[in-house]
2 protein chains.
Amino acid sequence: MMTKHAKEMGVLKEHLGKHQLKFTRQRELILDAFLKQEHITAEEMYHQLARKDPHLGLATIYRTLNLFCEAGLAQARHFGTQTQYDNVSHKGHHDHLICTGCGKIVEFENCDIERLQEEVASRNGFTIQTHRLELYGLCSRCRH
Amino acid sequence: MMTKHAKEMGVLKEHLGKHQLKFTRQRELILDAFLKQEHITAEEMYHQLARKDPHLGLATIYRTLNLFCEAGLAQARHFGTQTQYDNVSHKGHHDHLICTGCGKIVEFENCDIERLQEEVASRNGFTIQTHRLELYGLCSRCRH
DNA sequence: TTGAAATTGATAAACCGTCTCAAAAATAAT
DNA sequence: ATTATTTTTGAGACGGTTTATCAATTTCAA
């Protein structure tokens, strides 16, 4: 059947080919599930995929999500005690406002900031591939 | 001047007073060591202070750094697998341009970006305490 | 089809940070 | 000062998350 995520699947396959790694049913399943999310933890994905056809071990999920990071499809973000894996290719890249009081996360996008980032990069001779912007502070509720 | 960090020591003592907490030699030592750094992990501080007069347990260091956070002197950030405690009173925040090819890191500062960040935060009811901005890409050398 | 090489899942182990608790220290009361 | 009360400390136990180990399985090129 025709897969929904042909482009990302291609990116993965190219990365696998370049590193003598193999394309497996597990990696395909995990990528499919991953691309449906904006961000997810390994544990969450483990429970989501627990009942799928080939049973997926937690170790495999961790290994695969880390592989996605190396392939540029995902980005790891440590928050609280867990690691969030962000879907980089998710359209409309978003940044995070994180409340240091209660842990609430608000996603936002700001074109002006992105434009300035490009400016800073080119001034330094860089071409940006991706970025990470996290603002830490107190939400209105926690400030009081 | 008696102590080098009189101002911060005052902030700490005020916080202690307000919460029925006690001023101890350990808290004094840890604050002194902390204020010399821009940021530090509990583990790093543990090794730094291992040979000091009163021996400091790792648990005490964690407890005290968290206390500093509550007093507004420090700010915890999850970086990699560990928690970085940032020295809030340390000014001159800088962001990073990171080359994914050779690992080169360029530091930069951009007031316009910072201003826009404040804007985004207040629009969402947040007060920013700190932030983290990393731009990943290829430097001029690696692009060719 | 065959065989070398990589991957998988289960679980052990490592790691980080917090919790527990008896002993010690700091403050308040006498 | 001395005593009483409360908090803090350090050592190690503990819990949750992530990585390492390894035999069995799967992939893929020849």
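A note on names: the letters A, B, ... follow the listed sequences, proteins ahead of strands, and every chain is numbered from 1. Bear in mind that the values here come from a model prediction, so they are computed numbers and not experimental data.
- Hydrophobic clustering of Ile, Leu, Val, Met, Phe, Trp and Tyr side chains at less than 4.5 Å, counting indirect connections, keeps A:Leu97 apart from A:Leu138.
- At a threshold of 4.0 angstrom between heavy atoms, the contacts of B:Thr83 are confined to the sugar-phosphate backbone, with no base atom among them.
- Residue B:Leu58 is classed as having no contact, given no heavy-atom separation below 4.0 Å to the nucleic acid.
- No more than 12 heavy-atom neighbours from other residues, nucleotides or ligands sit within 6.0 angstrom of CD on B:Glu14.
- We find that CG of B:Leu16 is positioned 14 Å from C1' of D:dT6, with the value rounded to whole Å.
- At a threshold of 4.0 Å, the pair A:Glu28-A:Arg25 counts as salt-bridged, since one of the basic side-chain nitrogens sits closer than that to a carboxylate oxygen.
- Both A:Leu35 and A:Met45 belong to a common hydrophobic cluster when Ile, Leu, Val, Met, Phe, Trp and Tyr are linked at side-chain heavy-atom distances under 4.5 angstrom.
- Taking 3.5 Å as the limit, the base of C:dG17 and the side chain of B:Arg63 contain no donor-acceptor pair of atoms between them.
- You'll find that the side chain of A:Thr81 is closest to D:dT17, out of D:dT17, C:dT8, D:dA11.
- Across the protein-nucleic acid pair, A:Glu44 atom CD and D:dT18 atom C1' stand 15 Å apart, rounded to whole Å.
- Protein atom CD of B:Glu28 is 16 Å distant from nucleotide atom P of D:dT8, rounded to whole Å.
- Of all nucleotides listed (C:dC19, C:dT7, D:dT19), C:dT7 comes nearest to the side chain of A:Arg27.
- Protein atom NE2 of A:His47 is 10 Å distant from nucleotide atom P of D:dT17, rounded to whole Å.
- Proximity of B:Asn66 to the phosphate of C:dT18: a side-chain N or O atom is located under 4.0 Å from OP1 or OP2.
- Between B:Ala42 and A:Ala59, the one whose closest nucleotide on DNA chain C sits nearer the 5' end is A:Ala59.
- Distance A:His55 NE2 to C:dT7 C1': 15 Å, rounded to the nearest Å.
- Taking all atoms of both residues into account, the shortest heavy-atom contact from B:Phe23 to B:Leu12 is CE1-CD2, 4.4 Å.
- Across all strands shown, B:Glu43 has no heavy atoms under 4.0 Å from either base or sugar-phosphate atoms.
- Distance, B:Lys13 NZ to C:dA26 P: 13 Å, rounded to whole Å.
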Enumerate, atom names and distances included, each donor-acceptor pair closer than 3.5 Å involving a side-chain atom of residues 67-82 of chain A, sequence neighbours excluded.
| unit_1 | atom_1 | unit_2 | atom_2 | d |
| --- | --- | --- | --- | --- |
| A:Arg77 | NE | A:Asp86 | OD2 | 3.1 |
| A:Arg77 | NH2 | A:Asp86 | OD1 | 3.2 |
| A:His78 | ND1 | A:Thr83 | OG1 | 3.1 |
| A:His78 | ND1 | B:Gly80 | O | 3.2 |
| A:His78 | NE2 | B:Gly80 | O | 3.2 |

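- In this structure, the OH atom of A:Tyr62 is 15 Å from the P atom of C:dG9, given to the nearest Å.
- B:Leu135 and A:Phe108 fall within the same hydrophobic cluster, where Ile, Leu, Val, Met, Phe, Trp and Tyr residues are linked whenever their side-chain heavy atoms come under 4.5 Å apart, directly or through other members.
- In this structure, CD1 of A:Ile61 is placed 14 Å from P of D:dT17, rounded to the nearest angstrom.
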What does the list of N/O pairs under 3.5 Å between the protein and nucleotides 23-25 of chain C look like, with a distance for each?
none

